[in-house]
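Letters A, B, ... mirror the listed sequences (proteins, then strands); counts begin at 1.
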Amino acid sequence: MSNDEFPTDRPAVVTCGLPYANGDLHIGHLRGYIGADAFNRTLETLGQTSAYVCGSDMHGTPVAVNAEKEGVDPEDFALEWHHQYEETFPKFNVDFDNYGHTHDETNVETTQEIVRTLDDEGYIYEKEIQVAYDPDADQYLPDRYVEGTCPYCGEKARGDECDEGCQRHLEPGEVEDPTSTITGNPAEYRERTHKFFEVSEFADYLTEFLDGLEGTSNARNQPRQWIEDGLQDWCITRDMDWGIDYPNGNDEGGDDLVLYVWVDAPIEYISSTKQYTDRVGADEYDWEHVWREDGDIVHFIGRDIIQHHAIFWPAMLEGADYNAPRGIAATGFITINGKGLSTSRNRAIWAKEYLEEGFHPDLLRYYLMTTGGLQQDVDFSWEAFQEKVNGELVGTVGNFWYRSLLFAYRNYEGTPETEVSEDVHARIEGAIDDLRDAANDYSLRGVGQAATELAQFGNEYIQRNEPWKLTDDDPEQAAQVIRDCVQIAKAVGVLLEPIAPDKAQLLWEQLGEDGAVADTNLEAALETPPRHFEEPGELFDKIEDERVDDLTAKLEARVDEASDDGDEDETESDDTGADEATDMADTDDLEPLLEDRIGFDEFQDLDIRVGQIEAADGIEGADDLARLEVDIGFETRQVVAGIKQLHDLEELPGEKCILLANMEPAELFGVESNGMILAAGDDADLLTTHGDAEIGEKVQ
RNA sequence: AGCGGGAUGGGAUAGCCAGGAGAUUCCGGCGGGCUCAUAACCCGCAGAUCGGUAGUUCAAAUCUACCUCCCGCUACCA
């Protein structure tokens with residue numbers, strides 16, 4: 001694999017992480033799919049042959065578990081999502097050359113062939129491991145099919161990790177007191193023979209591979225740690241029905257060994273490329289050339305699955321004698337209004353929702369691609385979205401397109417008959433170079449900027465030359481300026497196509513061009529537009545402030561609502577605490593525990609301080625209330641607390657207490673209260689510290 | 001705990017890999033221009049010494065070390 005600059009004369013394949021057939025798509029997903037799509041389009045615009053392939057990830061425990069919950073076949077369950085994805089992508093102009101799924105025949109065959117090769121080459125061995133087994137259901141229980149107690153912290157844990165306690169990853173066999181999540185039966189551990197892939201054999205290869213890997217730096221750097229720590233071999237089989245059968249010649253054991261989902265998932269990249277070749281013919285695009293001879297393989301993934309793509313995957317490819325990826329672009333996450341996207345809390349912008357709001361997909365594409373670097377986390381807010389759209393797409397690009405074409409139409413009924421000036425020609429060539437550089441840096445932001453900056457230049461250019469003043473005084477010069485502007489407008493269209501394909505196509509049509517701008521390459525940017533074209537229209541609409549307010553309010557309301565609903569959902573899994581609670585006896589008098597967990601951030605919102613009571617006296621007319629003066633280091637606060645009848649007020653001064661300092665002020669019986677003293681229960685047992693905590697220290 | 005990524009004018013971002021004149025662009029603020037254009041566009045001004053400390057260097061936002069604070073990853077979850 002060499003690192004010639006894009007475009008190379010090799011075929012390229014661009015992929016994105018497979019969507020897992022288990023839930024709705026949101027803009028977090030979309031960022032990756034749009035990114036890969038835009039990158040693929042950029043390569044094509046640069047003149048490189050490239051295919052964009054992907055497919056749905058159908059296997060794995062979550063699909064099996066959720067299908068079972070709904071009482072449907074896992075295949076039907078996953079296919080339903082698959083079809084939904086298939087319909088959704090085109091709506092965002094995510095244009096796959098092939099979109100398959102991991103359960104289709106091609107992928108089953110390809111996967112089994114690759115695994116067989118790895119086996120033949122001696123990279124796979126068998127090992128006995130402990131697997132949970134449900135004797136009543138006569139079924140093995142991989143991963144999340146089993147729950148039990150974490151051996152490290154004693155919390156309730158899933159089979160694969162201590163999800164509620166110490167967060168530790170758990171090996172099969174580690175969970176204590178295992179029970180089946182299917183039947184609730186106690187499970188037992190049995191010895192099972194599983195297949196292991198000798199990843200450890202590839203340490204040197206992978207080190208070298210990472211040295212040459214392009215894309216984002218996190219994809220290159222993060223896996224190094226694993227290699228340095230020593231790679232462990234990888235268990236690639238599971239005891240379940242749903243998945244691709246391990247390709248045994250002799251079917252030893254005879255039961256349900258299927259391949260681990262992470263084996264067949266990336267192989268779908270290959271399978272999907274194969275299907276593309278099957279459809280268009282090897283003359284047009286040859287999958288073998290890319291995957292087995294020399295091609296530019298570029299993966300777009302989320303940064304949470306770097307390990308799978310930068311360790312396991314290249315090891316598999318190397319072991320089975322396939323080409324290694326040239327680049328891995330690991331994108332950051334999307335946050336919503338500064339907070340982490342959370343599907344369970346409904347803090348997300350769903351793909352469907354975005355479309356239902358009637359926004360054009362290219363607007364979101366532009367926003368997601370140009371707001372931050374690929375590797376960076378990008379925040380989404382409707383406000384920022386509006387700013388981006390109105391400022392850059394409407395104000396800069398759309399405005400330049402419209403004013404240029406309209407002027408040209410009114411005065412010349414199209415493109416004036418002169419040559420483009422040298423300066424403008426050179427400026428367009430500069431933008432083309434920018435695009436090429438951006439592609440080689442895997443910078444889609446740069447791709448978008450190459451176009452918008454050219455449009456900005458166009459606005460400067462037309463402003464500086466004021467053709468509206470020249471039409472009478474110096475018609476030749478006016479024609480020259482507009483000729484230049486029309487060319488710039490066309491070039492902006494060509495350059496913007498990877499990011500905003502629909503809008504670029506509309507411009508193309510307004511210019512009276514034939515065919516699809518997507519099928520053109522960079523040379524088109526400098527080719528003369530048609531002599532005549534019709535009156536242009538505006539290509540981007542402004543988003544009004546009221547609209548943004550509505551959308552923001554809608555989102556907030558939904559998040560609030562979901563937090564309530566979420567409680568119910570979480571009750572099921574959070575029930576965990578119930579077992580322990582019953583052990584603790586006489587809980588009847590206690591307030592039930594809140595099921596709703598809060599994040600650390602929310603806790604951080606509470607400014608709790610150590611204070612010292614300096615004065616305490618009762619409030620006239622109130623039964624329980626007392627007025628306290630509490631020293632919290634910085635200042636002395638007056639607070640009102642309901643402890644009058646329950647404490648001897650005279651003894652309080654000098655006592656340390658715990659004060660919620662950022663409680664909003666309140667007035668009780670005419671006395672202002674600036675904080676809240678923490679106390680336990682109806683007896684108002686005052687909380688204090690048991691060490692040397694200083695006055696004013698934060699409780700955390 | 002280890003590792004990865006980040007910390008740049010009021011907000012948001014670029015630059016850092018390939019160190020060089022006190023730093024990009026967008027939004028916002030202030031002043032001006034233009035009127036072909038979706039109150040749009042163009043020009044100018046104010047504003048950050050680039051998380052902290054210590055180094056390397058003639059020269060550091062850019063390299064090195066340590067530290068602080070965010071986000072994430074840690075393999076049989078997808």
Side-chain angles (χ1 to χ4, degrees), chain A residues 17-23 57 59-63 129 131 142-144 158-161 163 167-173 194 196-197 199 216-226 228-229 231-238 260-263 265 302-308 311-312 330 332-333 335 340 370-373 375-379 381 383-384 386-388 390-392 394-396 398-408 410-411 441 443 445-446 449 452-453 456 458-464 466-469 471 478 481-482 485 536-542 601:
Chain A
L18 270 41
Y20 192 59
N22 192 31
D57 186 1
H59 299 136
T61 328
V63 162
I129 57 169
V131 177
D143 309 336
R144 293 184 188 181
R158 289 199 317 234
D160 49 18
E161 69 170 327
D163 55 331
Q167 303 293 322
R168 218 177 292 239
H169 166 78
L170 302 178
E171 296 289 313
H194 274 269
F196 283 75
F197 174 45
V199 181
T216 51
S217 60
N218 51 358
R220 207 166 25 251
N221 295 333
Q222 208 172 316
R224 292 213 164 99
Q225 179 208 354
W226 280 21
E228 280 166 24
D229 291 353
L231 293 169
Q232 289 176 34
D233 293 337
W234 189 37
C235 180
I236 56 167
T237 45
R238 291 291 182 278
Y260 177 45
V261 54
W262 268 113
V263 175
R303 67 170 148 109
D304 50 341
I305 53 173
I306 289 174
Q307 326 297 350
H308 303 90
I311 299 283
F312 302 143
F333 295 143
T335 56
T370 61
T371 297
Q375 193 173 169
Q376 257 48 275
D377 287 356
V378 164
D379 187 53
S381 68
E383 210 175 317
Q386 176 201 32
E387 189 179 300
K388 201 86 178 156
N390 289 0
E392 296 175 30
V394 179
T396 303
N399 181 238
F400 174 68
W401 276 349
Y402 185 57
R403 72 198 296 203
S404 298
L405 266 60
L406 187 64
F407 202 102
R410 283 183 184 160
N411 292 279
D441 283 344
S443 168
R445 188 172 206 272
Q449 270 176 346
T452 43
E453 280 170 10
Q456 195 169 13
N459 274 322
E460 286 167 33
Y461 187 78
I462 195 169
Q463 193 75 34
R464 204 165 55 232
E466 301 184 305
W468 48 91
K469 285 184 176 169
T471 42
V481 172
I482 293 306
C485 286
E538 294 168 355
L539 287 173
F540 293 99
D541 295 324
K542 281 191 119 178
D601 282 348

Report task. Tell me what A:Gly332 touches on the nucleic acid: a base, only sugar-phosphate, or nothing, going by heavy atoms under 4.0 Å. Result -> nothing
When both distances are under 3.5 Å in a Watson-Crick or G-U wobble arrangement, the nucleotide paired with B:U56 is none
With respect to the phosphate group of B:G5, does any side-chain polar atom (N or O) of A:Asn221 fall under 4.0 Å of OP1 or OP2?
yes
Looking only at B:C36, B:A14, B:C26, the nucleotide nearest the A:Arg410 side chain is B:C36
Heavy-atom nearest nucleotide on RNA chain B taken for A:Ala21 and for A:Ala219; more 5' hit belongs to A:Ala219
Side-chain atoms of A:Trp234 come closest, of B:A75, B:C36, B:C42, to B:A75
- Query: What distance, rounded to whole Å, do you find between the two P atoms, one in B:A21 and one in B:U62?
  - Reply: 15 Å
Across every strand shown, the nucleotide meeting Watson-Crick or G-U wobble geometry with B:C45 (both distances under 3.5 Å) is B:G29
In whole angstroms, the gap separating P of B:G44 from CZ of A:Arg464 amounts to 11 Å
Rounded distance in Å between the P positions of B:A14 and B:U24 = 15 Å
_Determine whether a donor-acceptor pair (N or O, by modelled atom type, separation under 3.5 Å) exists between the side chain of A:Tyr20 and the backbone of A:His59._
yes
Mate of B:C17 across any strand shown (Watson-Crick or G-U wobble, both atom pairs under 3.5 Å) is none
Separation of B:U74 atom C1' from A:Phe312 atom CZ, nearest Å, is 11 Å
Testing B:C36, B:A75, B:U38 for proximity to the side chain of A:Phe407, the answer is B:C36
Side-chain contact check for A:Gln232: nearest option of B:U38, B:A75, B:U35 is B:A75
**Report entry** Between B:U8 and B:U25 - C1' atom distance, rounded Å
**Finding:** 13 Å
Interatomic distance, OH@A:Tyr402 vs CD@A:Glu538, rounded to 0.5 Å, equals 5.0 Å
A:Glu383 CD to B:A12 P, in whole Å, measures 12 Å
The nucleotide from B:U25, B:C34, B:C41 with an atom nearest the side chain of A:Arg403 is B:C41
### Task
Please find out if less than 6.0 Å separates the ring center of A:Trp234 from that of A:Phe312.
yes
*Which whole number of Å gives the distance between the P atom of B:C43 and that of B:C27?*
12 Å
Partner of B:U68 under the Watson-Crick or G-U wobble criteria, both distances under 3.5 Å, comes out as B:A7
Rounded to whole Å, CD1 of A:Ile311 lies from C1' of B:C3 at a distance of 13 Å
In whole angstroms, the gap separating P of B:U38 from CD of A:Glu392 amounts to 20 Å
- Query: Base, sugar-phosphate alone, or nothing: which one does A:Thr471 contact when heavy atoms must sit under 4.0 Å apart?
  - Reply: nothing
Item checked: Working for side chain to side chain contact (heavy atoms under 4.5 Å, CB included), residues A:Gln449 and A:Thr370 -> CA-CA 7 Å; A:Gln449 270 176 346; A:Thr370 61; 5.8 Å; no
For B:A61, the nucleotide meeting Watson-Crick or G-U wobble distances (both under 3.5 Å) is none
| query | So what does A:Val394 hit on the nucleic acid, given a heavy-atom distance under 4.0 Å: a base, only sugar-phosphate, or nothing? | reply | base
When rounded to whole Å, the CD to C1' distance for the pair A:Gln386 and B:U38 reads 14 Å
Worksheet entry | Any donor-acceptor N/O pair, A:Asn411 side chain to A:Thr471 backbone, under 3.5 Å | no
State whether the side chain of A:Asp377 and the backbone N or O of A:Phe333 hold a donor-acceptor pair below 3.5 Å, judged by distance alone. yes
Checklist entry - Within a radius of less than 6.0 Å around CD of A:Gln307, do more than 12 heavy atoms belonging to other residues, nucleotides or ligands occur? => result yes
Side-chain atoms of A:Glu538 come closest, of B:U38, B:A14, B:C42, to B:U38
Of B:C36, B:G4, B:A75, the nucleotide closest to the side chain of A:Gln463 is B:C36
Nearest-angstrom distance, C1' atom, B:G28 to B:A46: 13 Å
Query raised in the report: Hey, does A:Gln376 reach any base, or is it just sugar-phosphate, or nothing, if we go heavy atoms under 4.0 Å?
Result: sugar-phosphate
Report task. Identify whether a stacking contact exists between A:Trp468 and B:C36, where the ring centres must be under 5.5 Å apart and the planes under 30° apart. Result -> yes
What one should report as the nearest heavy-atom pair of A:Leu231 and A:Ile311 is CD2-CG2, 4.0 Å
Against the side chain of A:Arg303, the closest entry in B:C73, B:C36, B:C71 is B:C71
A:Phe333 has its side chain closest, among B:A75, B:U38, B:G72, to B:G72
Mate of B:U74 across any strand shown (Watson-Crick or G-U wobble, both atom pairs under 3.5 Å) is B:A1
Notebook entry, point to check: Distance between the C1' atoms of B:G55 and B:A12, in whole angstroms?
Noted result: 33 Å
Per nearest nucleotide of RNA chain B, the residue lying toward the 5' end, A:Arg220 or A:Glu387, is A:Arg220
In whole angstroms, the gap separating P of B:U24 from CD of A:Gln449 amounts to 14 Å
I'd like the P distance from B:C17 over to B:U64, given in whole Å. 9 Å
Ranking B:U38, B:C73, B:C43 by distance to the side chain of A:Glu460, first place goes to B:C43
task = Between B:U13 and B:C26, how far apart are the P atoms? Round to whole Å, please.
result = 16 Å
Partner of B:G22 under the Watson-Crick or G-U wobble criteria, both distances under 3.5 Å, comes out as none
From NZ of A:Lys388 across to P of B:A14 the rounded distance in Å is 10 Å
dist A:Thr216:OG1 -> A:Gln376:CD (nearest 0.5 Å) comes out at 10.0 Å
